[in-house]
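Only a predicted model underlies this, so the values are computations on that prediction, with no experimental measurement involved. Every chain is numbered from 1 and lettered A, B, ... according to where its sequence line falls, protein lines coming before strand lines.
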Amino acid sequence: MSAGYRPVGWNRSKLVYDAVLAAAVVVYLTVFLQFAPRFQGVTLPVDGAVARMQAFGTCAFLMLTVALSIGPLARLDRRFLPLLYNRRHLGVATAVVAAIHASHVLGWYYAFSPTDPYVALLSANTSYGQLLGFPFEALGLAALLILAVLAATSHDFWLAFLTPPVWKAIHFGIYAAYVLVVAHIGLGALQGDDGPLMGIVAALSVAAVVGLHLAAAAKRRRAIDTEAATGWVVVPGADGLAPGRAITVRFADGTAAAVFRDGDRLAAVSNVCAHQNGPLGEGRILDGCVTCPWHGYQYRLLDGRAPPPFTERIATYNLTRDGGRVLIDPRPNPPGTPTEGIALAAASADRREAPVLGEATT
Amino acid sequence: MTAAAALVTLAEAWAVAGLAVAAVFLLWGIDRIDPAAHGAVAFRPLLVPGIVLLWPLVLWRWGALARAPETAGRHDRPAPASIHRRIWLALAVVLPAILLVAAAIRQEGPRDTAAVRISPPPGEAP
């Protein structure tokens with residue numbers, strides 16, 4: 001992790017993820033080019049260049065929709081966590097597909113005049129004061145620029161170099177990009193005479209991504225169980241945790257801890273991965289380490305330190321027992337502070353250790 | 001020069017400056033501000049697009065790190081979940097509104113209407 005940068009941190013899981021992603025894109029493009037013209041209400045078949053432009057454009061939109069849906073899906077149902085694991089490559093692939101869409105637009109609509117294609121793109125339609133006939137190309141260009149920045153700053157170097165707050169602020173641009181893309185489609189493709197298919201797909205995509213995010217937010221609010229910030233907080237169901245799994249406890253100040261069960265002990269660390277702020281409480285213990293579900297960064301449970309030679313540290317939290325209840329101190333220890341954890345209740349400790357699945361990556 | 005041409009020229013100049021910053025930073029500067037980059041060369045070309053796009057930010061952070069190297073410990077401040085919730089509450093209004101406006105202004109095409117000849121092409125008798 002922090003021991004030295006590599007171009008791409010591939011492992012078996014990520015290779016499988018990328019292979020499935022590439023295959024899905026190829027299948028979509030092939031199916032679109034083969035079948036989509038049958039659903040378009042045009043009097044003549046569209047040109048090949050236009051069909052490819054539409055194929056890559058719709059593909060990029062759907063990839064962006066999927067990328068935005070993975071987070072809430074994983075929060076609503078843990079079975080979707082594998083999709084979250086390598087979302088970064090999905091984001092980069094989305095930017096590439098969107099760029100290919102743009103290159104087809106430039107190479108078809110703006111390539112056959114003495115005017116520079118980029119100048120033509122920006123000057124062919126300047127009716128910014130009206131909705132009907134709005135230069136929707138500018139919206140797509142702005143979205144593409146944002147996607148390019150996000151893809152270009154996706155390497156781990158950028159997070160360390162820019163600092164997490166700045167990096168995160170930049171990557172909030174994904175929301176602006178999605179709004180721009182929806183507007184680009186709404187004022188562009190949906191104004192054409194191509195039948196209702198694209199409108200239906202766009203509406204369903206927007207409904208899905210918005211609905212999933214609102215449902216995940218509602219679930220998170222229900223899960224919040226906080227007491228006063230100065231008091232110890234009850235960890236509900238801690239003794240019922242499955243081996244290697246965690247429960248997330250959110251405190252009154254907005255921070256959160258992940259209480260893990262490792263063997264017959266419970267211990268708590270920050271819920272925030274030092275890499276890209278991934279939700280450690282949604283991860284599991286692999287190879288004796290808390291493993292982030294996003295990119296596989298690992299930390300020892302009892303001291304919050306990444307195993308050597310890595311140097312990341314996260315905060316630990318103190319646990320105690322109050323009769324049958326497990327309590328957590330909401331005041332975090334400094335990152336890397338050793339703790340002892342507490343023993344699991346006797347009845348729970350008798351449960352057999354579940355076999356570890358998946359692959360650890362560091 | 002039109003505004004569009006000026007924008008394109010500005011973008012080209014931005015990219016040239018970014019490439020220059022990328023060359024100096026990746027060949028010389030990065031080793032002095034990030035220990036994890038020592039001996040790691042293969043990943044550096046991947047940084048070029050980001051530096052070209054964000055070179056003023058790169059220069060600013062480069063200068064800041066050169067003056068006062070930072071250590072770990074800046075990670076534990078995630079964006080509150082409430083920010084994401086507010087964003088999606090806003091998008092739950094904005095995104096459907098965009099599609100509704102798009103549907104409202106859409107004009108049906110004259111697909112089923114027979115073409116009407118307005119005037120003959122040049123050189124052809126009426």
Side-chain angles (χ1 to χ4, degrees), chain A residues 2-7 41-43 116 118-123 131-132 148-149 151-153 155 157-158 160-166 168 172 175 178-179 182-183 185-187 190-191 193 199 202-203 206-207 210 213-214 217 220 254-255 270 272-274 277 311-315 332 335, chain B residues 2-5 7-8 11 30 33-40 42-54 57-58 61-62 65 70 72-85 87-92 94-96 98-99 101-103 105-111:
Chain A
S2 55
Y5 293 122
R6 289 180 294 168
V42 290
T43 52
D116 177 86
Y118 295 98
V119 174
L121 173 69
L122 295 171
S123 59
L131 281 174
L132 190 61
V149 168
T153 56
H155 193 276
F157 162 81
W158 289 102
F161 179 64
L162 296 176
T163 74
V166 173
K168 202 73 181 174
F172 264 102
Y175 300 123
Y178 196 63
V179 171
V182 171
I185 293 170
L187 299 178
L190 297 192
Q191 301 302 313
D193 197 17
V206 166
V210 169
H213 275 275
L214 294 182
R220 174 175 281 194
T255 60
S270 166
V272 181
C273 181
N277 296 338
T311 58
E312 285 82 4
R313 297 179 182 184
I314 54 175
Chain B
T2 64
L7 269 176
V8 172
I30 191 170
I33 54 97
D34 192 337
H38 293 170
F43 85 103
R44 299 187 188 197
L46 294 181
L47 306 185
V48 172
I51 299 172
V52 169
L53 287 166
L54 300 174
L57 188 57
V58 171
R61 282 296 300 158
W62 185 2
L65 288 169
E70 296 173 359
R74 294 171 280 106
H75 298 295
D76 205 9
R77 301 186 196 93
S82 59
I83 289 183
H84 292 277
R85 191 168 63 248
I87 287 174
W88 281 104
L89 283 172
L91 293 186
V94 171
L95 293 173
I98 291 172
L99 292 180
V101 167
I105 65 172
R106 189 175 186 279
Q107 294 180 321
E108 291 301 323
R111 188 190 318 158

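Ring planes of B:Trp88 and A:Tyr175: perpendicular class, angle over 60° (limits at 30 and 60°).
Scanning both residues, B:Arg106 and A:Gln191, for their nearest heavy atoms gives CA-OE1, 3.1 Å. Taking both residues in full, the closest heavy atoms of A:Val210 and B:Leu91 are given as CG2-O, 4.2 Å, listed atom of the first, atom of the second, then distance. Contact between B:Leu53 and A:Ala152 at its shortest, heavy atoms only, is CD1-CB, 4.0 Å. The minimum heavy-atom distance between B:Leu46 and A:Pro7, with the atom names listed, is CD1-O, 3.1 Å.
Proximity to chain A (any heavy atom under 4.5 Å) is restricted, for B:Leu54, to the side chain, taken from C-beta onward. Using a 4.5 Å cut-off between heavy atoms, B:Val58 touches chain A through backbone and side chain atoms alike. Neither the backbone nor the side chain of A:Ala151 comes within contact range of chain B, judged by heavy atoms closer than 4.5 Å. Both the backbone and the side chain of B:Leu47 come within contact range of chain A, with heavy atoms under 4.5 Å apart.
Among B:Ala102, B:Ala90, B:Pro49, the residue making the largest number of heavy-atom pairs under 4.5 Å with chain A is B:Ala102. Contact tally against chain B (heavy-atom pairs below 4.5 Å) for A:Leu121, A:Leu122, A:Ile185, A:Leu131: the top residue is A:Leu122. Taking chain B as the reference chain and counting heavy-atom pairs below 4.5 Å, the highest number among A:Asp116, A:Thr153, A:Leu132 is found for A:Leu132.
Here the side chains of A:Phe161 and B:Ile33 are in contact, with some heavy-atom distance below 4.5 Å. Proximity of A:His213 to B:Ile87: side-chain heavy atoms (C-beta onward) are nowhere separated by under 4.5 Å. In this structure, B:Val94 and A:Val182 have side chains that are not in contact, with every pair of non-hydrogen atoms separated by 4.5 Å or more.
Side-chain atoms of B:Arg85 do not come within 3.5 Å of backbone N or O of A:Ala217 as any donor-acceptor pair.
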